[in-house]
Amino acid sequence: MSQTLKAIRGTRDLLPPETALWNRIEATARDVFARYNFGEIRTPVFEDTALFARGVGEETDIVSKEMYTWEDGERFNEQRMIVDWESLNRSDDPTHVQAGRAHVERLSPLLTQLNAIGVQREVTWGVALPGQQLPGSAPEFVCFRPRISSEAISALLEARELAKSDPASHLRQTHVRLRLVVPANAADNPWVERHDVTIQWFEGNFFDSAQSLTLRPENTAGVVRAYIEHGLGESGQLQKLYYIGPQFRRERPQKGRYRQFSQIGAEVIGPPSAGSESPLRDAEILEMLATLLDELGISGWTLELNSVGSSADRARYNDALRAALVPVVSQMCADCQRRAVTNPLRVLDCKVPADQPIIETLPVIADSLDEASRVHFAAVMAALDAAGVPYTRNHRLVRGLDYYTRTTFEFTHGGLGAQNALLGGGRYDGLSEMLGGPRAPGIGFAMGEDRLVLTLLAALDQNAATLKAEAYIAPLDEGLNADALVLARELRHQGLWIELGDGGFRLKKSFEAADKTARHIIILGEDELKSGILTVKNFSTGIQTKVPRAELAVFLSTPASE
RNA sequence: GCGGCUAUAGUUCAGUGGCAGAACGCCUGUCUGUGGCACAGGAUGUCGAGGGUUCGAUCCCCUCUAGCCGCCCCA
């Protein structure tokens, strides 16, 4: 069991019958998008890391700690191996992982130092190769030489030589990992903070990278990149694009939150002359989303709406907020005190009940909007009112990504726990320019498909099991198997959904299997084969009928037969 | 990344420091071309992985891994 491979953390398999629900959701989304004249775009699942750093924002959590990034096209570089081993020496806080690169020749002094502080007994280390395992650690590494110092160094040097001499070797990806396990009772050990175990990783990389690549953590940046790259703005037309596909973020998994997750999203983007900046576009998207959720069968959604204005507005608001927080922040929770310094906007998200009255007294961003943003937002709301799309203004709705401007929104649904947002989005008037493209205002959203499925499953509760084949063909003897296949072929060519049994089964077993997977059972014995009159039994009515072979397809697909 | 809870049959879960349990599901028979019901029988597990304590560990201790919940943040 310990040897079997499993889906890695935060990823999962989607199996029938749940996949049917996924397909239904996607089909409904495609149908709605088509009616609103959106076309599908498929962008690569990985892009240049710089795209996300610039587009999503260097300072966001997504970019700073949640991306799957790797160095592509690495080359061996001896110089680069000599880096930063000193960071271990000046470690003030031993509980933090030391992210550094080790020169292989320096591992020996490192070990000496570790011996000096009394951890030699527990040091395990070695060269790790992709696809192999270091005991009790990251699954992709193996420990060649546990608990042996000089031999481990030899192994490292050997691996380095191999990598140099064979550029195609998988050793090109060799990393050195050193794992230190400090005994729990080493109270006076400077590496131990608690009476517990501290683990430190020391990682070295033999290679220079030609390019840094990242699995997409969201799709808007990729869509805008494609818009720029293909000069879609040159058409002068508004681009209305939707996508459905996997995204990747390295977060702690929870229900409705996975490391590979699927988003359904859409973007409206184009030159201002095409009307891309019009509040009508905002309203159209929101009205479309209301339609989509309704058609998906989501009831009880809430649309929360806000405007964060231009980036200048937001900066002004940030200052106002910071100023307003100064006199009151000391009465707030610890998180808020931290946020007040690092990211005042996040104070608005605080869920601590005691803080709510204070938050209510803080300035709202609506008061910091310039005239243009104010007019824009009013027009969006007027259009929604006219269309009868219900919404609530939420002054605290401030989206996390850097590129949002003006309209921001979120559709939420109860019953998702802490992950109550079904979808979120907003306007990003400056994103194209941030990525070096032409001026191309846009607005878009992304819907968490995994959460949508959860919501729908909770609503459906059962009954996804109505998906059954039209008929199950039960040959009565193994000698009739070939004839059964011929019959199945006939019916399937006529468009029927057919399951094929096996003549090796006893009839009782055929019935049991058939009842689980199909609405009818067709019995194929010698008599039926000779006469061309088949025995068909309907499971819901229990009625058994003799049907001529030529009429089978009609009989099976006629509702009256049920 | 932090904190809490959890991990036992295909599934949902009981349970005990001394040979591993139930329900459902699965298989077989009663029933040689008629299921759903009933009855009788049967199979299934490295008790998540590794180490420790012990004469003996699925149970106690440590570590790792994974899931769930909360935080951070977000879809």
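Per chain, numbering begins at 1; letters A, B, ... match sequence-line order. Heavy atoms only: backbone and side chains are in, while hydrogens, waters and symmetry mates are out.
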One character per nucleotide, please: for nucleotides 24-34 of chain B, 5' to 3', B when the base has a protein heavy atom closer than 4.0 Å, S when only the sugar-phosphate does, - otherwise.
--SS-SBS-BB
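Panel note: side chain A:His520, backbone A:Glu470; a donor-acceptor pair is recorded below 3.5 Å. Counting only distance, with no hydrogens or angles, the side chain of A:Thr541 and the backbone of A:Ile543 share a donor-acceptor pair below 3.5 Å.
The gap from the C1' atom of B:G15 to that of B:A20 amounts to 9 Å, rounded to the nearest Å. As rounded to the nearest Å, B:C61 and B:G17 have C1' atoms that lie 14 Å from one another. The separation of B:A43 from B:G50, taken at their C1' atoms, amounts to 30 Å, rounded to a whole angstrom. Rounded to whole Å, the C1' atom of B:G4 lies 15 Å from the corresponding atom of B:C72. B:C69 and B:G33: their P atoms are spaced 50 Å apart (whole Å). A gap of 12 Å separates the C1' atoms of B:U44 and B:G25, to the nearest Å. Using atom C1' as the reference point in both B:C24 and B:U30, the two lie 23 Å apart (nearest Å). When the P atom is compared between B:C26 and B:G36, the two are found 11 Å apart, to the nearest whole Å.
Its glycosidic angle being within 90° of 0, B:C19 falls on the syn side.
Put simply, CG on A:Leu348 is 13 Å from P on B:C72, counting in whole angstrom units. At whole-Å resolution of the value, CZ in A:Phe539 and P in B:G35 are 10 Å apart. Protein atom CZ of A:Arg216 is 17 Å distant from nucleotide atom C1' of B:C74, rounded to whole Å. In this structure, the CD atom of A:Glu66 is 11 Å from the P atom of B:C73, given to the nearest Å. Taking atom CZ of residue A:Arg259 and atom C1' of nucleotide B:U65, one finds them 12 Å apart after rounding to whole Å. For the pair A:Lys468 NZ and B:G35 C1', the computed distance is 11 Å after rounding to whole Å. Put simply, NZ on A:Lys255 is 22 Å from P on B:G4, counting in whole angstrom units. Taking atom CD of A:Gln254 as the reference point, atom P of B:C72 lies 11 Å away to the nearest angstrom.
Using a cutoff of 4.0 Å between basic side-chain nitrogens and carboxylate oxygens, A:Glu512 and A:Lys509 are not scored as salt-bridged. The pair A:Arg42-A:Glu40 counts as a salt bridge, with a side-chain nitrogen and a carboxylate oxygen less than 4.0 angstrom apart. Salt-bridge annotation for A:Arg12 and A:Asp450: present, with a side-chain N of the basic residue lying under 4.0 Å from a carboxylate O of the acidic one.
Within the 4.0 angstrom heavy-atom criterion, base atoms lie near A:Asp515. As judged by a 4.0 angstrom heavy-atom cut-off over every strand, A:Phe445 is placed among residues making no nucleic acid contact. Nucleic acid contact for A:Gly10: sugar-phosphate only, since backbone atoms but no base atoms lie under 4.0 Å from a heavy atom of the residue. Using a 4.0 Å heavy-atom cutoff across all strands shown, A:Glu251 reaches at least one base atom of the nucleic acid. In this structure, A:Arg12 reaches neither bases nor backbone, as no heavy-atom distance under 4.0 Å exists between it and the strands shown.
When the nearest nucleotides of RNA chain B are assigned to A:Ala7 and A:Phe261 by heavy-atom distance, the more 5′-ward of the two goes with A:Ala7. When each of A:Glu410 and A:Thr11 is assigned the nucleotide of RNA chain B with its nearest heavy atom, A:Thr11 is the one assigned upstream, toward the 5' end.
Under the side-chain contact (heavy atoms from CB on, under 4.5 Å) test applied with A:Leu305, the options A:Val389, A:Leu286, A:Thr392, A:Leu397 reduce to a single match, A:Leu286.
Enclosure of atom OH in A:Tyr391 by more than 12 non-hydrogen atoms of other residues, nucleotides or ligands within 6.0 angstrom is indicated.
Helical stems involving RNA chain B, defined as 3 or more consecutive Watson-Crick or G-U pairs under 3.5 Å, span B:1-7 with B:65-71, B:10-13 with B:21-24, B:26-30 with B:38-42, B:48-52 with B:60-64.
Judged by atom type and distance alone, A:Arg257 reaches the base of B:C73 through a side-chain donor-acceptor pair under 3.5 Å.
Using a 4.5 Å heavy-atom cutoff, the side chains of A:Gln263 and A:Tyr243 are in contact. Put simply, the side chain of A:Ile298 reaches to within 4.5 Å of the side chain of A:Leu452, judged on heavy atoms.
Each of B:G3, B:C74, B:G67 was ranked by its minimum atom distance to the side chain of A:Arg249; first place goes to B:C74.
Taking the centre of each ring, A:Tyr242 and A:Phe33 come in below the 6.0 Å mark.
Atom CD of A:Glu66 and atom CZ of A:Arg259 lie 10.0 Å apart (nearest 0.5 Å).
Contact annotation: A:Arg9 side-chain N/O to B:G67 OP1/OP2 distance is under 4.0 Å.
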